[in-house]
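Please read the structure below before turning to the comments.
So you know, we letter chains A, B, ... as the sequences are listed, proteins then strands, and number each from 1. If you're wondering where the values come from, they're calculated on a predicted model, not measured in any experiment.
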Amino acid sequence: MKESYNPKEIENKWRTDWDEKKLYQVEVDNDKKKYYVLEMFPYPSGRIHMGHVRNYTIGDVTARYKRTRGFNVLHPIGWDAFGLPAENAAIERGVHPAKWTYENIEQMKAQLKKLGYSYDWTREIATCDPTYYKWEQMVFTHMLKKGLAYQKSTTVNWCPSCETVLANEQVEDGLCWRCGSEVELKEMAGWFFKTTEYTEELLEWADKLKDGWPERVLSMQKNWIGKSTGAEIKFKLQEPVGGEESLKVFTTRPDTVFGVTYMSIAPDHPLVEELIKGKPEEEEVQEFVSRVKKQSNLERVAEGTKKEGVFTGAYAINPFTHQSIPIYVANFVLVEYGTGIIMCVPAHDQRDFEFAKQYNLPIRIVIQPEGVELDPHKITEAYVEPGVMTNSQNFSDIDSEEGKEKIIDYIEENGLGEKQINYRLRDWGISRQRYWGTPIPIIYCDKCGAVPVPDEDLPVELPLDIEFTGKGGSPLSKVESFVNVSCPECGGSAKRETDTMDTFVESSWYFLRYASPKDTDGIFDKEEVAYWLSVDQYIGGIEHAILHLLYARFFTKALRDLGMCDLDEPFKNLLTQGMVIKDGTKMSKSVGNIVDPDDMIAKYGADTVRLFIMFAAPVNRDLDWSNEGVEGSFRFLNRVWRLIFDVFEKIEGVKGVVVQLKEISKPAKELLTKTHKTIKKVTEDLDRFSFNTAIAAVMELLNDTSRFEPNGESDLSVLRESVEAMIRLLYPMAPHISEELWHELGYEETLVDKEWITWNQALVQSAAINIVVQVNGKVRGQLTMDPDSDQDQIKEAAFADEKVQSYIEGKEPKKVIVVPKKLVNIVI
RNA sequence: GCCGAAGUGGCGGAAUUUGGUAGACGCGCUGGACUCAGAAUCCAGUGGGCAUUGCGCUCAUGGGGGUUCAAAUCCCCCCUUCGGCACCA
């Protein structure tokens, strides 16, 4: 055995060895329980960063550990290979996106391999490969036939910098999620997935997933879906306009309907024009509307934007009070939510209150809090809490929560409206005006309309011979050989759709494709999918809480309903890791605080990097990168190496398991106990993803083992046992050094397939235990006792303690609490 | 505003699953050994205050209250930080 630890040498050696033996290639084995661990696959940007390292190390430790626990572990990796950066590289540097992407993949693959991850590389996929996106195109056309995909022209979010449409989920605070440009609104035709078809199911399952998913992810998703329960109520117009007799509003507070004193309609609502036609207010309203429309969406919703409105000249009738109420156009009403028209109850809604004060509209109290009498002239803000209904004719004196139901019953019975649930979630717009993505398989024919490309004609391949100017819209539309085709239905001349799909579509189903990545007969091999799916442990960044994770859940359900798989949900358990930060901020080029994984591996080896990143923080929290900390992890591995080097000759020929407890010294007994306690602790910690404490426990074991001075042959067995345990417990985190030391100790078998080490319960319960003695809750003494001592014996020993006696001072204890094996508390 | 998470030494963090010795483990720092010297390594110490010729005493887990023999842990109120959603009717 060499005296010094040389990570480079041993890491190369074992990586090659594991590779050559094809240890990580797995197959369906119906006699074995499967475990599917998956990390969110990377976008091939060219270099991996510490966030990747953290993500993939968590996955690898899990995969290695589960394998030693007897599971048939599927641990695949691939590339989320479509996307804008490749296209930008083409525009800026003239490199073809395909070339750029595949070169990046090669580079990153080499980096990942250096970290010693146990991937089954034979299952590698790249989403830009036609053999992958072919199936995506097929899913699209099948969804189309099932009504789960459709085309419509609507107002869309347009990013002027990316020159493409964005889905609602991809707009953050009015800015593009990728480049941060301000998003504009544009009227445009596009293709949509009907995510709203699954709103209720997505919500329902959000509850069922709560044992495996972090609460905050589920709560973000629920928030995003934004369910609100209420009613749609019809308000009759005083004079019909544009063929409409009445206006519909959505409200969550039907109990306040007697307090409605006006209505508001969104400025961009199509009915506005009809309402004002020929009225004296027409001009003023038009002016207001065009002024609001000129504002960007960002301005319109910005904090502090004044609530403004203008009277339309039209009136409606409150169906409950039969009073005539004015209709306003108001800038705070959104056309896309509910019906785009609202009933306004100034007494019980803060916005309505402010608006009413500004325009001198009447305020009518219809909910009273208990024990207080609200005065409409004196209140300074709306009362929005529940209370007792008042001024509400037959409904007065009813509790407002109960009143909601009663009002709904009433409107349903009298044809005035109905119970209604509204969601914030919209359908997913997937059309992108970009080149580097999956072509949407549609052919437009003047005679037959939008015709889906038949299955046998798929894939619609991206033409590779193409020019990138960065100007003038979608590059595909300029490739005539691509655009001009004959219609699959009538054979006449037709044109292809030139938009590509949102790249989030590829990542919505890749986890299923890993089960049978090379299948040419269909999207999935049903048996493989049935065996491997769902994903037992999914690991990734919290930033995908809504986007990717919601899309993937939707897509899985859609695939199920197309009969392509049998899954309700893709990911059984989800782990969201925190960010890797340095000096208090996220690592980024502009701040200049990037630590390059390659540099770290070159300096310390992969095991040190892996170990540090698992040790420095609990997985779900942000991790503060510290170069000194990495040194510490490197030091630790060196100490492990040196310990074994130092004792090597002594333990080389010794058996690792002690038989006769009688024969060993007291320190040896203590070390043996410590060893088995550590095995237990590390096992339990790995089971709950508490890697930092698992590593701390191994460090403690090293400290104790280093201090141990064996006395006799049997003591050496204990030493060997603790050394072996240390190596095996370290293996999932630091596989190379563990494998090397394991073989140095004379073993031929690989740790990759070695069954996980177990502890001996009898040894964990050590011969003597420490019992704390408290007087009035304060620690005043310690007892060393037999673990089998009964309450009376413990009590007796506690009172016998001199120091304890001095605190009791001869007084009669009021109470004595004995917690077996732990503590005595004497209350005086 | 609504929803969610979190506040513990100089720093990262442990103990929260199960109420039971708060500060494991690591970093940093201080002193010592080795060395011509340094690096590396090893040993000792390291929450505050008091006592340090003893074993010790005392305060302390964002703040305030409560439950309990016993609270970092459970309950109530408040403060701060972070994340999500937000003129959503």
Side-chain angles (χ1 to χ4, degrees), chain A residues 4 172-173 214-228 230 249-253 256 263-264 266 300-307 330-334 336-345 348-352 354-355 384 422-424 542-543 545-546 578 611-612 615-618 620-633 635-636 638-639 642 681 684 688 690 692-703 706-707 770-782 802-803 813-819 821-828:
Chain A
S4 66
E172 296 169 349
D173 295 326
E215 198 189 320
R216 69 174 170 146
V217 174
L218 294 174
S219 115
M220 277 190 221
Q221 291 204 356
K222 279 191 209 164
N223 231 324
W224 184 262
I225 293 168
K227 178 177 184 170
S228 41
V249 302
F250 173 72
T251 179
T252 56
R253 293 294 304 271
T256 64
M263 291 173 83
S264 295
R300 223 177 122 180
V301 302
E303 212 168 318
T305 300
K306 236 175 100 189
K307 284 169 191 43
N331 65 346
F332 64 89
V333 183
L334 306 171
E336 65 266 21
Y337 188 81
T339 62
I341 308 171
I342 60 171
M343 62 177 223
C344 297
V345 188
H348 305 294
D349 180 284
Q350 188 57 25
R351 274 170 323 208
D352 297 348
E354 285 166 31
F355 194 86
V384 297
N422 240 298
Y423 303 92
R424 218 182 67 97
I542 185 75
E543 66 273 17
I546 295 168
L611 192 78
F612 172 71
F615 177 64
N620 51 4
R621 275 207 243 167
D622 284 353
L623 182 152
D624 209 343
W625 187 271
S626 140
N627 288 330
E628 292 78 19
V630 184
E631 292 273 356
S633 292
R635 225 168 4 235
F636 166 70
N638 273 289
R639 289 183 63 207
R642 205 170 329 113
K681 165 103 179 123
E684 287 168 356
R688 60 187 182 114
S690 182
N692 56 330
T693 54
I695 293 166
V698 181
M699 287 173 169
E700 280 189 56
L701 180 60
L702 171 74
N703 292 342
S706 302
R707 259 178 241 128
N770 193 34
I771 289 175
V772 170
V773 186
Q774 296 181 334
V775 178
N776 283 342
K778 287 187 174 163
V779 182
R780 298 302 187 190
Q782 313 266 332
E802 221 175 280
K803 212 163 146 245
K814 284 191 196 126
K815 203 170 179 182
V816 179
I817 292 111
V818 179
V819 183
K821 293 177 191 180
K822 271 195 177 149
L823 142 161
V824 185
N825 190 9
I826 299 165
V827 188
I828 55 171

Across all strands shown, which nucleotide pairs with B:rC50 by Watson-Crick or G-U wobble geometry, both distances under 3.5 Å? B:rG56
Taking any heavy-atom pair under 4.0 Å as a contact, classify A:Arg707: base, sugar-phosphate, or nothing. nothing
Of the nucleotides B:rC85, B:rG28, B:rC42, which has the atom closest to the A:Ile546 side chain? B:rC85
What is the distance from NZ of A:Lys681 to C1' of B:rA15, rounded to the nearest Å? 9 Å
If we call it a pair only when both distances are under 3.5 Å in a Watson-Crick or G-U wobble match, what pairs with B:rA72? none
Audit row: A:Arg424, A:Asn223, side chain to side chain donor-acceptor pair (under 3.5 Å) steps and yes/no: CA-CA 9 Å; A:Arg424 218 182 67 97; A:Asn223 231 324; over 6 Å; no
Counting Watson-Crick and G-U wobble pairs only, both distances under 3.5 Å, name the nucleotide matched with B:rA14, or none. none
Using a 4.0 Å heavy-atom cut-off across all strands, classify A:Val698 as base, sugar-phosphate, or nothing. nothing
Mind checking the P distance from B:rC55 to B:rA71? Whole angstroms is fine. 27 Å
I want to know whether A:Phe332 and A:Phe355 have ring centres closer than 6.0 Å. yes
Tell me which nucleotide, if any, is Watson-Crick or G-U wobble paired with B:rC36 when both distances must be under 3.5 Å. none
For A:Pro214, report the nucleic acid contact type (base, sugar-phosphate, nothing); a contact means any heavy atom under 4.0 Å. nothing
When the P atoms of B:rG38 and B:rA24 are compared, how many Å lie between them, rounded to an integer? 31 Å
Report the distance from atom CZ of A:Phe636 to atom P of B:rA40, rounded to the nearest whole Å. 20 Å
With a 4.0 Å cut-off on heavy atoms, is A:Asn620 in touch with a base, just the backbone sugar-phosphate, or nothing at all? nothing
A:Gln774 near the nucleic acid: base, sugar-phosphate alone, or nothing, with a heavy-atom cut-off under 4.0 Å? base
Taking the side chain of A:Arg424 as heavy atoms from C-beta outward, which of B:rC85, B:rA24, B:rU21 is closest to it? B:rC85
Options B:rC88, B:rC69, B:rU21, nucleotide nearest the side-chain atoms of A:Val779: B:rU21
Please state whether the phosphate of B:rU58, meaning OP1 or OP2, lies under 4.0 angstrom from any side-chain nitrogen or oxygen of A:Arg780. yes
Of all the choices, B:rA15, B:rU21, B:rA89, which nucleotide is nearest to the side chain of A:Arg688 once you look at every atom? B:rA15
Does A:Asp352 reach the side chain of A:Ile342, with side-chain heavy atoms less than 4.5 Å apart? yes
Between A:Ser228 and A:Tyr337 the two heavy atoms that sit nearest each other are OG-OH, 2.8 Å
Whole-angstrom distance between B:rG62 and B:rG7, as gauged at atom P: 8 Å
Measure from CZ on A:Phe612 to C1' on B:rC11 and round the result to the nearest Å. 12 Å
Sugar-phosphate, base or nothing in reach of A:Arg216, heavy atoms under 4.0 Å: sugar-phosphate
For A:Lys822, answer base if it contacts any base atom (sugar-phosphate contacts may also be present), sugar-phosphate if it contacts only those atoms, and nothing otherwise; contact means non-hydrogen atoms under 4.0 Å. sugar-phosphate
Is the phosphate of B:rG26 approached by A:Arg635 (side-chain N or O, under 4.0 Å from OP1 or OP2)? no
If pairing requires Watson-Crick or G-U wobble contacts with both distances under 3.5 Å, which nucleotide is the partner of B:rG45? B:rC29
Between B:rC69 and A:Lys815, counting only base atoms on the nucleotide and side-chain atoms on the residue, is there a donor-acceptor pair under 3.5 Å? no
Syn or anti for B:rG23? Use the chi torsion, O4'-C1'-N9-C4 for purines and O4'-C1'-N1-C2 for pyrimidines, with syn inside 90° of 0. anti
Nearest-angstrom distance, C1' atom, B:rC76 to B:rC82: 24 Å
Scan A:Gly632 against the nucleic acid and name what it touches under 4.0 Å (heavy atoms): base, sugar-phosphate only, or nothing. sugar-phosphate
By the 4.0 Å heavy-atom rule, please label A:Asp349 as base, sugar-phosphate, or nothing. nothing
Length of the line joining A:Asn776:CG and B:rU58:C1', which is rounded to integer Å: 16 Å
In whole Å, measure the gap between the C1' atoms of B:rU61 and B:rU8 for me. 4 Å
Distance, P atom - from B:rU52 to B:rU16, rounded to whole angstrom: 38 Å
Measure from CE on A:Met220 to C1' on B:rA5 and round the result to the nearest Å. 9 Å
Say you pick atom C1' in B:rG19 and the same atom in B:rA70; how far apart are they, in whole Å? 8 Å
OP1 or OP2 of B:rA89 versus the side-chain N and O atoms of A:Ser228: is any pair under 4.0 Å? yes
Does B:rC59 have OP1 or OP2 under 4.0 Å away from a side-chain N or O of A:Lys778? yes
With heavy atoms under 4.0 Å as the rule, sort A:Val827 into base, sugar-phosphate or nothing. sugar-phosphate
Could you go step by step and tell me if A:Lys815 and A:Asn825 meet the side chain to side chain contact (heavy atoms under 4.5 Å, CB included) rule? CA-CA 8 Å; A:Lys815 203 170 179 182; A:Asn825 190 9; over 6 Å; no
A:Ile342 CD1 to B:rA89 C1': how many Å, rounded? 5 Å
Side-chain N or O of A:Arg621 less than 4.0 angstrom from OP1 or OP2 on B:rA14? yes
Side chain to side chain contact (heavy atoms under 4.5 Å, CB included) evaluation trace for A:Val333 with A:Ile341: CA-CA 7 Å; A:Val333 183; A:Ile341 308 171; over 6 Å; no
State, yes or no, whether a side-chain contact exists between A:Met263 and A:Val249 at a heavy-atom distance under 4.5 Å. yes
Rounded distance (Å) that lies between atom C1' of B:rG84 and atom CD of A:Glu172: 11 Å
Could you check A:Arg780 against A:Ile826 for side chain to side chain contact (heavy atoms under 4.5 Å, CB included), going step by step and ending with a plain yes or no? CA-CA 10 Å; A:Arg780 298 302 187 190; A:Ile826 299 165; over 6 Å; no
Base, sugar-phosphate alone, or nothing: which one does A:Val772 contact when heavy atoms must sit under 4.0 Å apart? base
Pairing nucleotide - B:rG1, Watson-Crick or G-U, each distance under 3.5 Å: B:rC85
Tell me the interatomic distance from A:Asp173, atom CG, to B:rA86, atom C1', rounded to whole angstroms. 10 Å
Is the side chain of A:Arg351 donor-acceptor paired with the backbone N or O of A:Lys307 at a distance under 3.5 Å, no angle test? no
Under 3.5 Å for both donor-acceptor distances, Watson-Crick or wobble: does B:rG19 have a partner, and if so which one? none
Distance check, C1' atoms only: B:rC2 and B:rG20, in whole angstrom units. 39 Å
With a 3.5 Å limit on both atom pairs, tell me what B:rG7 is paired to, counting Watson-Crick and G-U wobble, or say none. B:rC79
Check whether any side-chain nitrogen or oxygen of A:Asn692 sits under 4.0 Å from OP1 or OP2 of B:rA24, and answer yes or no. no
Do A:Thr693 and A:Arg688 have side-chain heavy atoms sitting under 4.5 Å apart? yes
Reckon A:Asn422 touches a base, only the sugar-phosphate, or nothing at all at heavy-atom distances under 4.0 Å? nothing
Confirm from the modelled atom types if A:Asn223 and B:rC85 form a donor-acceptor pair under 3.5 Å, side chain to base only. no
